[in-house]
Amino acid sequence: MDITTSNFLYLLASICFIMALRGLSSPDTARSGLAFGVSGMALAIITTILAPSVMAGSLFGIVICIAIGGGIGYIIAKKIDMRDLPELVAAFHSLVGLAATFIGMAAFYNPEAYNIGIPGEIHMGSLVEMALGVAIGALTFTGSIIAFGKLKGIVSGKPIVFSGQHMLNAAIGLAMFVMIIIFAATESNFAFLMIILLALILGVTMIIPIGGADMPVIVSMLNSYSGWAAAGIGFTLQNNLLIVVGALVGSSGAILSYIMCKAMNRSFISVILGGFGGEQAASSVDNSDKNAKIGSAEDAGFIMKNASSVIIVPGYGMAVAQAQHALKEMVDLLKSEGVSVKYAIHPVAGRMPGHMNVLLAEANVPYDDVLELEEINRDFKQTDVAFVIGANDITNPAAKNDPASPIYGMPILDVENAGTVLFIKRSLGSGYAGIENGLFYADNTMMLLGDAKKMCEGIIKSIEN
């Protein structure tokens with residue numbers, strides 16, 4: 001395959017990726033967007049294998065590697081539980097960063113294979129591209145590993161902070177900048193390894209201060225970092241498609257992070273620098289002397305069956321219990337009784353952007369019934385029942401009335417304005433952000449303690465009987 005044909009096919013693949021992003025922006029076109037993405041990736045892989053720069057003798061090894069990697073990916077995708085999707089995304093981001101780092105190292109130690117010079121005489125432009133690629137890649141690798149650990153519960157979801165943390169991050173960033181300059185000027189092996197080492201450390205120190213409530217933003221931001229790492233390595237490899245795709249992923253991830261930051265009243269610059277939210281004081285609200293009203297599935301079934309309108313607020317607890325199908329069955333029963341039911345989705349519900357939308361789509365919930373925070377928040381005042389299923393931080397009134405709270409200023413779903421709040425949760429413990437929810441003890445709240453799926457099944461039986 002000649003270079004002209006290769007570049008043309010790369011252009012077609014780029015168009016497919018752009019169409020994929022466009023399609024995935026809406027539930028109605030998500031399937032077609034996915035088809036475009038898969039088609040673009042298949043075209044990109046085939047074109048790369050048949051590119052003039054790929055030697056015929058290496059094709060067998062390339063095919064074997066693709067088969068192994070594709071097989072592992074297929075097995076993981078088939079076995080992964082939907083509640084573990086955020087951890088999977090974080091883990092895949094780490095692999096992108098690691099790949100970018102390894103490719104940069106390969107290019108540095110064997111530049112002839114990449115047509116960027118010979119050892120000791122690599123072009124300065126290539127050295128800068130290489131340094132940036134491995135730096136962002138290494139940072140993305142360790143940052144994503146920490147994010148994976150926090151999402152999985154291996155690392156504490158609470159902010160891990162210490163004195164002088166921001167000064168340390170600034171010092172590491174400055175040291176990296178100096179090493180990049182030295183590396184570009186001297187092609188120093190020591191400077192190159194120091195860039196990688198410092199980036200690996202910075203990835204850890206940037207992510208450990210992030211609190212649980214802010215993890216969806218970090219997952220999105222790490223997605224952006226992985227894209228920029230790929231784009232940087234694309235320049236090193238002189239691969240136009242990798243540059244375009246990396247820029248698409250990097251920019252779309254950054255835009256999504258910016259949108260989510262606005263939804264959470266966070267600073268976008270703070271997200272990029274890391275460590276936002278970790279220095280705020282603990283909540284000043286003391287609920288130790290309050291008692292929550294504990295109800296049963298029968299109580300909830302009676303209340304909702306006799307309501308005229310219900311708003312469902314899903315959260316991570318629904319994902320953990322895999323309750324979306326039972327919830328859908330419960331909603332269908334309520335609708336058959338003449339009850340108006342809608343779903344309210346917070347931008348950061350769950351552990352990654354769109355987590356709840358994916359789960360509800362899996363249960364075949366109609367797209368028209370699923371509304372975003374801005375569309376439905378004012379409706380709670382006219383709603384008989386707000387049914388909260390495993391959502392904690394995104395409904396916590398402390399975000400509005402407690403300046404000492406770590407989530408203060410974050411827009412929440414105003415479920416407390418509903419006539420009755422039915423709140424499914426395993427216990428009265430704090431949410432992922434590590435703070436208590438005063439809504440549990442409100443006069444119009446009834447707590448339904450237990451597994452979300454079993455509770456929904458109990459409510460179904462109550463409504464049927």
Side-chain angles (χ1 to χ4, degrees), residues 17 20-27 30 33-34 37 82-97 100 136-137 139-152 155 157 159 202-203 206-231 245-278 315-316 319 345-359 372-374 393-394 407 409-411 432-433:
F17 291 134
L21 285 176
R22 183 178 184 275
L24 293 171
S25 64
S26 169
L34 180 62
M82 290 299 290
R83 63 185 174 185
D84 296 327
L85 194 60
E87 294 96 303
L88 178 67
V89 172
F92 281 172
H93 288 165
S94 74
L95 295 179
V96 174
I136 300 174
L139 186 154
T140 303
F141 172 65
T142 51
S144 297
I145 291 296
I146 297 299
F148 170 83
K150 281 178 173 282
L151 292 167
K152 196 69 176 176
V155 180
L202 187 59
M206 282 181 63
I207 304 302
I208 58 172
I210 306 301
D214 301 316
M215 286 310 297
V217 186
I218 293 306
V219 171
S220 176
M221 201 67 234
L222 288 169
N223 175 54
S224 177
Y225 289 165
S226 69
W228 297 125
V245 173
L248 282 174
V249 174
S251 57
S252 60
I255 292 170
L256 178 59
S257 298
Y258 176 74
I259 293 172
M260 294 177 70
C261 283
K262 290 193 67 176
M264 296 176 67
N265 195 33
R266 302 298 196 193
S267 166
F268 182 65
I269 300 300
S270 296
V271 179
I272 297 175
L273 297 178
F276 65 106
Y316 187 66
I345 304 296
H346 193 279
V348 294
R351 302 289 169 84
M352 64 174 287
H355 195 186
M356 295 301 104
N357 300 78
V358 172
L359 292 173
E372 301 294 332
L373 180 147
E374 295 84 0
D393 299 319
I394 61 173
I407 63 171
M410 181 181 84
Y432 193 54

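Keep in mind that this is a model prediction, so the values were computed, not measured.
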To check you understand the geometry: which heavy-atom pair defines the closest contact between [X] and [Y], and what is its length?
X: His355; Y: Ala349; answer: CB-O, 3.9 Å
X: Leu34; Y: Leu24; answer: N-CD2, 4.1 Å
X: Gly246; Y: Ala230; answer: CA-CB, 4.2 Å
X: Ala91; Y: Phe148; answer: CB-CD1, 4.1 Å
X: Ala231; Y: Ala247; answer: CB-N, 4.0 Å
X: Ser224; Y: Gly250; answer: OG-O, 2.7 Å

Straight-line distance of [X] [atom1] to [Y] [atom2], nearest 0.5 Å:
X: Thr142; Y: Ile208; atom1: OG1; atom2: CD1; value: 11.0 Å
X: Thr140; Y: Ile145; atom1: OG1; atom2: CD1; value: 11.5 Å
X: Ile136; Y: Leu202; atom1: CD1; atom2: CG; value: 11.5 Å
X: Leu373; Y: Ile394; atom1: CG; atom2: CD1; value: 8.5 Å
X: Glu372; Y: His346; atom1: CD; atom2: NE2; value: 10.0 Å

Can you tell if the side chain of Val89 reaches within under 4.5 Å of the side chain of Asn223, non-hydrogen atoms only?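 They are not in side-chain contact.
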Residue pair Ser144 / Tyr225, side-chain heavy-atom distance below 4.5 Å: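 Side chain of Ser144 against side chain of Tyr225, heavy atoms only: no contact under 4.5 Å found.
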Whether [X] side chain and [Y] backbone form a donor-acceptor pair below 3.5 Å:
X: His93; Y: Ala147; result: no
X: Ser94; Y: Phe141; result: no
X: Ser257; Y: Met221; result: yes
X: Ser220; Y: Gly253; result: yes
X: Ser252; Y: Val249; result: yes

List the steps and the verdict of side chain to side chain contact (heavy atoms under 4.5 Å, CB included) for Trp228 and Ser251. CA-CA 8 Å; Trp228 297 125; Ser251 57; 4.3 Å; yes
